[in-house]
Amino acid sequence: MKVFAGAAALLVLMPSLSVADDGFIGINYTQLEQDDRFFRGDRFDTGEVFVRLGAHINEYFSAEMRLGTTLSDHSENNAEYRFNYHAGGYLSLGYQLGLVRPYALVGFTAGEEEFEGASWSFKNTIEDVSYGVGADFIFGERLGVNVEYTQYYDIGDVTYKGPSVGLVHQF
């Protein structure tokens, strides 16, 4: 059911992106903190990179799509964990204040995680409502820096959340 909700959210966002006044593309690196249910520790971090494609619908709202994957798998004792992919659609509310555009976002994220141990393996699809806060700092006419803290997934005792930093180009 959540997959259908995510697909519907993306279908709603696509027309918004095509009629928007100004779009943007970016690339971010996030240090995604995760509850450790595989390695018997408290938490661990993996590094993810994701591409952002979006547009400012008006002076307050933006729509955005993201696609990402793990850059650095987490490995311990001949076992390995990674995000194969994560993708999502998000709507943000923000306002340009000089060079800075602070925003809050909400959306839907789906992804696939994978664990390979010495004696067993595990593959899981994750889907959840996501939310976060961030800011774009635009220097010059088109190039800028993005900082953000987002919680992508929180169900039961499993959460995926963390800060990210990246580059953004407005067109």
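Predicted model, so just to flag it, every value in this text is computed and none were measured.
Checked against salt bridge (charged side-chain N to carboxylate O under 4.0 Å, His left out), Arg66 has the following partners two or more places apart in sequence or in another chain: Glu64, Glu148. Here Ser130 pairs with Tyr90, Thr109, Tyr152 under the side chain to side chain contact (heavy atoms under 4.5 Å, CB included) rule; sequence neighbours left out.
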Exercise for review: Go through Asn146 and Tyr103 one step at a time and tell me if the side chain to side chain contact (heavy atoms under 4.5 Å, CB included) criterion holds.
Suggested key: CA-CA 11 Å; Asn146 171 264; Tyr103 61 86; 2.9 Å; yes
Review point. Checking side chain to side chain donor-acceptor pair (under 3.5 Å) for the pair Gln170/Asp22: CA distance, chi angles, key distance, verdict?
Key: CA-CA 7 Å; Gln170 295 183 346; Asp22 60 325; 5.0 Å; no
Exercise for review: Mind running ring pair (Phe, Tyr, Trp, His ring centres under 6.0 Å) on Phe122 and Phe115 for me, showing each step along the way?
Suggested key: CA-CA 5 Å; Phe122 173 82; Phe115 174 82; 7.6 Å; no
Exercise for review: Take Ile138 and Arg101, measure what side chain to side chain contact (heavy atoms under 4.5 Å, CB included) needs, and give me the verdict at the end.
Suggested key: CA-CA 8 Å; Ile138 304 300; Arg101 183 179 189 276; over 6 Å; no
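Residues Ile25 and Met65 share a hydrophobic cluster, clusters being chains of Ile/Leu/Val/Met/Phe/Trp/Tyr side chains in contact below 4.5 Å. No single ILVMFWY cluster, assembled from side-chain heavy atoms under 4.5 Å apart, contains both Phe24 and Leu105. When hydrophobic clusters are built by joining Ile, Leu, Val, Met, Phe, Trp and Tyr residues whose side-chain heavy atoms come closer than 4.5 Å, directly or via intermediates, Tyr29 is not grouped with Leu167. Val147 and Val100 fall within the same hydrophobic cluster, defined by Ile, Leu, Val, Met, Phe, Trp and Tyr side-chain heavy atoms under 4.5 Å apart, directly or through other members.
Between Thr69 and Asn84 the shortest heavy-atom distance is OG1-O, 2.9 Å. Residue Val129 comes nearest to Val106 through the heavy atom pair CG1-CG2, 4.2 Å, listed as atom of the first residue, atom of the second, then distance.
Annotation: the span from Glu116 atom CD to Lys123 atom NZ amounts to 8.0 Å, rounded to 0.5 Å. Interatomic distance, Glu112 CD to Thr125 OG1, rounded to the nearest 0.5 Å: 5.5 Å. The structure places CZ of Phe108 at 15.0 Å from OH of Tyr131, a figure rounded to the nearest 0.5 Å. Note that OG of Ser164 is 4.0 Å distant from CZ of Phe50, once rounded to the nearest 0.5 Å. Rounded to the nearest 0.5 angstrom, Glu127 CD and His86 NE2 are separated by 14.5 Å.
Side-chain N or O atoms of Thr30 include one that pairs as donor or acceptor with a backbone N or O of Pro163 at under 3.5 Å.
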Please tabulate, for the side chains in residues 91-99, all donor-acceptor contacts under 3.5 angstrom to protein atoms that are two or more places apart in sequence or on a different chain.
residue	atom	partner	partner atom	Å
Gln96	NE2	Gly98	O	2.9

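Side-chain contact between Asp154 and Lys161 is absent, with no heavy atoms from C-beta onward closer than 4.5 Å.
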